[in-house]
Amino acid sequence: MMASQIGFLFPGQGSQSVGMGRGFYEASPAVKAVYDEASSILGYDVAQLCFEGPAERLNLTENTQPALLVSSAAALKALEPAGLKPVAVAGHSLGEYSAVYAAGGVSFRDAVALVQKRGRYMSEAVPPGTGLVAALLGLSAAVVKAVCQEAASVGVVAAANFNSPGQVVIAGEKAAVERAIEIAKTKGCKKAIPLPVSVPVHTPLMQKAADRLAGEFGGVVWRDLTVPLVNNAEATALQRSEDIRASLVRQLPSSVRWEESVQTMAKLGVTTFVEIGPGTVLTGLVKRILPGAVTANVNDPKSLEATLTMLGVNSQA
């Protein structure tokens, strides 16, 4: 299979789990160095947090975000010797930072520090317990948008993630999300699943966090990407550093247009989607968006080996 057909995907919040990355850490001194550098940046033992938790600490947004980025960077480092070159990259929400790093847009040090601040600013933007996030199954994007407009009479609620056909995540103020779920059920929603995410990300409630984050971007060196990033906010291919920087600010209060992003990657020539980092959430979404696409994962040594075998690549390359 031609390497030129590969797209790299990077997971976001919700894909974390205690133990993530341990296999790569134990197998590779280069991967261990990734965790060691992250620990020196953040001031705590990132490997210990990822491998031992506890889950309650790992699931705090301020900790989850750097832990996921570091775990994705570790998987990318483990994949590096194979010499795979993607034609495009994308990441889901937080994963967009991993994608920008993978495409050379920002240093590892800056990426880790930025996502820690992103998590903190998100948590501080909305008082604890006042937000709610839920997945609606079985409705079109247009119907969900109409549902949110109707429920907005009781508070802020918006479509946060257009993940795949028939799966849209909504988020906002608790009362408004609960009202939207009620309305959605009258419109034929098959299932509404409250998600264990306390921060209503990708809604207008995140504008304050986005503004604070934009203030941090000035101290970061941004570079043009080596390959296009298909961004969350518009599902458009971007490569210039100033476009990337502006897009990451828009991302927080904007919907994640994941279904369109995957379709854009296919238009760029991607036929094989490789999810790099913890979990297999994005792989599952790709299969629903593009049933004919080839998917693979790199989240531990076993899956790395299976992916390289499938691609016909020598792991010792």
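Please read these numbers as outputs of a predicted model, since none were measured by experiment. When a residue number appears, it is its place in the shown sequence, counting from 1.
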* Do any pairs count as a ring-ring contact (aromatic ring centres under 6.0 Å, His included) and have a residue in residues 263-300, sequence neighbours left out, and if so which ones? -> none

* Structure fact -> Hits for side-chain contact (heavy atoms from CB on, under 4.5 Å) against Pro301, two or more places apart or cross-chain, chain-then-number order -> Phe24

* Asked: When rounded to the nearest 0.5 angstrom, what is the spacing between CG in Leu308 and CG in Leu84?
  ->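 Leu308 atom CG to Leu84 atom CG measures 6.0 Å (nearest 0.5 Å).
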
* To do: With rounding to the nearest 0.5 Å, note down the distance linking CD in Gln16 to OG in Ser71.
  => 9.5 Å

Can a donor-acceptor pair be found between the side chains of [X] and [Y] at a distance below 3.5 Å?
X      : Y      : result
Glu96  : Asn231 : no
Ser93  : Gln13  : no
Gln239 : Asp243 : no
Asp300 : Ser303 : yes

* Leu205 with Val154, same ILVMFWY side-chain cluster at under 4.5 Å -> no

* To do: May I ask whether Leu68 and Leu60 are part of the same hydrophobic cluster, defined by side-chain heavy atoms of I, L, V, M, F, W, Y residues being less than 4.5 angstrom apart, directly or through others?
  =>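 Per the 4.5 Å side-chain linkage, Leu68 and Leu60 are not co-clustered.
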
Pairwise side-chain contact, [X] with [Y], heavy-atom cut-off 4.5 Å (strictly under):
X      : Y      : value
Arg120 : Ser123 : no
Met20  : Leu58  : yes
Phe108 : Val70  : yes
Val100 : Leu225 : yes
Lys174 : Thr130 : no
Val87  : Val227 : no
Val112 : Glu37  : no
Ile6   : Leu311 : yes

Give me the atom names and distance for the closest heavy-atom approach of [X] to [Y].
X      : Y     : value
Tyr25  : Ala47 : CE1-CB, 3.9 Å
Asn232 : His92 : OD1-C, 3.9 Å
Tyr101 : Leu76 : CE2-CD2, 4.2 Å

* **Note: Glu242-Arg245 ion pair, threshold 4.0 Å (strictly below)** =>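 The answer is no: the pair does not qualify as a salt bridge.
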
* Presence of salt bridge, Lys302 and Glu305, under 4.0 angstrom ->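 Result for this pair is no, no salt bridge flagged.
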
* Linked hydrophobic residues, Leu136 as query - side chain contacts closer than 4.5 Å ->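 Under the 4.5 Å side-chain rule, Leu136 groups with Leu132, Leu139, Val143, Val144, Val147, Val157, Phe162, Val168, Ile170, Val177, Ile181, Ile183.
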
* **Side chain Ser28, main chain Val31, donor-acceptor under 3.5 Å** =>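 Checking the backbone N and O of Val31 against the side chain of Ser28, a donor-acceptor pair under 3.5 Å is found.
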
* Can you tell which of Arg212, Lys208, Glu216 makes a side-chain hydrogen bond (donor to acceptor under 3.5 Å, both in side chains) with Tyr121? ->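 Only match with Tyr121 under side-chain hydrogen bond (donor to acceptor under 3.5 Å, both in side chains): Glu216.
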
